Amino acid sequence: MDDLSTIFLALSDPTRRALLAQLQRGDATVTELAAPHAMSVPSISRHLKVLEQAGLITKSRSAQWRNCRLQPAPLRQIEEWIRPYRDFWGTQLDRLETQLATNPDRPDALTELEDRR
(Lines give C-alpha, C1' and ligand atoms only; values in the text may rest on other atoms or scores of the structure.)
Protein backbone atom coordinates (compact mmCIF):
# COMPACT_ATOMS: atom_id res chain seq x y z
CA MET A 1 0.00 0.00 0.00
CA ASP A 2 1.38 3.45 -0.84
CA ASP A 3 2.03 6.07 1.86
CA LEU A 4 -0.97 8.23 1.03
CA SER A 5 -3.35 5.25 1.19
CA THR A 6 -1.88 4.24 4.54
CA ILE A 7 -2.39 7.76 5.89
CA PHE A 8 -5.99 7.95 4.65
CA LEU A 9 -6.71 4.52 6.11
CA ALA A 10 -5.39 5.67 9.48
CA LEU A 11 -7.52 8.82 9.32
CA SER A 12 -10.66 6.94 8.28
CA ASP A 13 -11.49 5.99 11.87
CA PRO A 14 -13.14 8.62 14.14
CA THR A 15 -11.31 7.35 17.23
CA ARG A 16 -7.95 7.79 15.53
CA ARG A 17 -8.91 11.30 14.40
CA ALA A 18 -9.91 12.09 18.00
CA LEU A 19 -6.54 10.78 19.23
CA LEU A 20 -4.75 13.06 16.76
CA ALA A 21 -6.84 16.00 17.98
CA GLN A 22 -5.78 15.20 21.54
CA LEU A 23 -2.13 15.09 20.49
CA GLN A 24 -2.51 18.43 18.75
CA ARG A 25 -2.66 19.93 22.24
CA GLY A 26 0.64 18.29 23.19
CA ASP A 27 2.37 15.01 23.92
CA ALA A 28 0.45 12.48 26.01
CA THR A 29 0.82 9.00 27.42
CA VAL A 30 -1.29 6.12 26.17
CA THR A 31 -3.22 6.18 29.45
CA GLU A 32 -3.93 9.91 29.09
CA LEU A 33 -5.09 9.38 25.52
CA ALA A 34 -7.38 6.52 26.57
CA ALA A 35 -9.05 8.45 29.42
CA PRO A 36 -11.77 10.29 27.43
CA HIS A 37 -12.68 7.23 25.35
CA ALA A 38 -15.07 4.45 26.29
CA MET A 39 -12.57 1.73 25.41
CA SER A 40 -9.73 -0.14 27.00
CA VAL A 41 -6.08 0.92 26.96
CA PRO A 42 -5.20 -2.08 24.74
CA SER A 43 -7.85 -0.97 22.21
CA ILE A 44 -6.42 2.56 22.21
CA SER A 45 -2.95 1.05 21.78
CA ARG A 46 -4.13 -0.74 18.63
CA HIS A 47 -5.42 2.55 17.22
CA LEU A 48 -2.14 4.22 18.11
CA LYS A 49 -0.23 1.47 16.33
CA VAL A 50 -2.14 2.25 13.11
CA LEU A 51 -1.35 5.95 13.51
CA GLU A 52 2.29 5.13 14.16
CA GLN A 53 2.52 2.87 11.10
CA ALA A 54 1.14 5.74 9.00
CA GLY A 55 3.82 8.03 10.42
CA LEU A 56 1.24 10.31 12.04
CA ILE A 57 2.61 9.80 15.56
CA THR A 58 5.77 8.61 17.26
CA LYS A 59 5.95 6.76 20.55
CA SER A 60 8.80 6.89 23.02
CA ARG A 61 9.34 5.06 26.26
CA SER A 62 10.17 6.59 29.62
CA ALA A 63 10.26 3.93 32.35
CA GLN A 64 6.81 2.31 32.20
CA TRP A 65 5.21 5.20 30.31
CA ARG A 66 4.71 5.35 26.54
CA ASN A 67 4.62 8.94 25.36
CA CYS A 68 3.00 9.80 22.05
CA ARG A 69 3.76 12.79 19.85
CA LEU A 70 2.00 14.10 16.73
CA GLN A 71 4.07 14.08 13.53
CA PRO A 72 2.71 16.62 11.03
CA ALA A 73 4.70 15.58 7.92
CA PRO A 74 2.13 13.02 6.66
CA LEU A 75 -0.61 15.63 7.05
CA ARG A 76 1.38 17.86 4.70
CA GLN A 77 1.33 15.03 2.14
CA ILE A 78 -2.47 15.02 2.32
CA GLU A 79 -2.60 18.80 1.98
CA GLU A 80 -0.41 18.63 -1.14
CA TRP A 81 -2.60 15.90 -2.63
CA ILE A 82 -5.83 17.78 -1.92
CA ARG A 83 -4.63 21.24 -3.07
CA PRO A 84 -5.68 20.82 -6.76
CA TYR A 85 -9.16 19.75 -5.67
CA ARG A 86 -9.48 22.72 -3.34
CA ASP A 87 -8.43 24.99 -6.22
CA PHE A 88 -11.02 23.30 -8.47
CA TRP A 89 -13.81 23.86 -5.95
CA GLY A 90 -12.70 27.45 -5.40
CA THR A 91 -13.04 28.08 -9.13
CA GLN A 92 -16.45 26.42 -9.21
CA LEU A 93 -17.69 28.51 -6.29
CA ASP A 94 -16.37 31.67 -7.95
CA ARG A 95 -18.33 30.78 -11.09
CA LEU A 96 -21.45 30.15 -9.02
CA GLU A 97 -21.06 33.48 -7.23
CA THR A 98 -20.69 35.27 -10.57
CA GLN A 99 -23.73 33.49 -11.99
CA LEU A 100 -25.88 34.29 -8.98
CA ALA A 101 -24.74 37.93 -8.97
CA THR A 102 -25.58 38.23 -12.66
CA ASN A 103 -29.02 36.63 -12.28
CA PRO A 104 -30.13 37.10 -8.63
CA ASP A 105 -33.83 36.72 -9.47
CA ARG A 106 -33.43 33.42 -11.32
CA PRO A 107 -33.75 30.39 -9.04
CA ASP A 108 -32.70 28.18 -11.97
CA ALA A 109 -29.24 29.87 -12.21
CA LEU A 110 -27.66 27.07 -10.20
CA THR A 111 -29.19 24.44 -12.47
CA GLU A 112 -27.84 26.23 -15.54
CA LEU A 113 -24.39 26.39 -14.00
CA GLU A 114 -24.44 22.64 -13.32
CA ASP A 115 -25.67 21.89 -16.85
CA ARG A 116 -22.70 23.76 -18.37
CA ARG A 117 -20.18 21.50 -16.68
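Keep in mind that this is a model prediction, so the values were computed, not measured. Worth knowing before you read on, the calculation uses all heavy atoms, side chains too, and leaves out hydrogens, waters and symmetry mates.
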Hydrophobic clustering (ILVMFWY, side-chain heavy atoms < 4.5 Å, transitive) - are [Y] and [X] grouped together?
X	Y	answer
Trp89	Trp81	no
Ile82	Phe8	yes
Leu48	Val50	no

- Message: The test is side chain to side chain contact (heavy atoms under 4.5 Å, CB included); show your working for Leu11 and Leu20 and say whether it passes.
- Response: CA-CA 9 Å; Leu11 294 174; Leu20 288 178; 3.3 Å; yes
Is any side-chain heavy atom of [X] closer than 4.5 Å to a side-chain heavy atom of [Y]?
X	Y	value
Gln77	Ile7	yes
Ser45	Val41	yes
Gln22	Pro36	yes
Ile44	Thr31	no

- Give the C-alpha distance, both sets of side-chain angles, the deciding distance and a yes or no for side chain to side chain contact (heavy atoms under 4.5 Å, CB included) between Cys68 and Leu33. CA-CA 9 Å; Cys68 300; Leu33 291 169; 3.9 Å; yes
- Message: Clusters formed by hydrophobic residues whose side-chain heavy atoms approach within less than 4.5 Å: which one holds Met1, and what are its other members?
- Response: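 Under the 4.5 Å side-chain rule, Met1 groups with Leu9.
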- Ion pair Arg76/Glu80, N-O distance below 4.0 Å: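 Result for this pair is no, no salt bridge flagged.
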- Are the side chain of Arg16 and the backbone of Ala10 linked by a donor-acceptor contact shorter than 3.5 Å?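 Answer holds: yes.
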- Between the main-chain N or O of Met39 and the side-chain N or O of Ser43, is there a donor-acceptor pair closer than 3.5 Å?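 No, Ser43 side chain to Met39 backbone: no donor-acceptor pair under 3.5 Å.
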- Query: Would you say Arg17 has more than 12 foreign heavy atoms packed within less than 6.0 Å of its CZ?
  - Reply: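 Yes, because the 6.0 Å sphere around CZ of Arg17 holds more than 12 heavy atoms from other groups.
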- Query: Leu23 and Ala28: which non-hydrogen atoms are nearest, and at how many Å?
  - Reply: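 Taking Leu23 first and Ala28 second, the nearest heavy atoms are CD2-N, 3.9 Å.
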- Query: Side chains of Glu52 and His47: donor-acceptor distance under 3.5 Å anywhere?
  - Reply: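 Checked: Glu52/His47 side chains show no N/O donor-acceptor pair below 3.5 Å.
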- Between Asp3 and Thr6, a side-chain donor and acceptor under 3.5 Å: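 Side-chain D/A pair, Asp3 to Thr6: absent.
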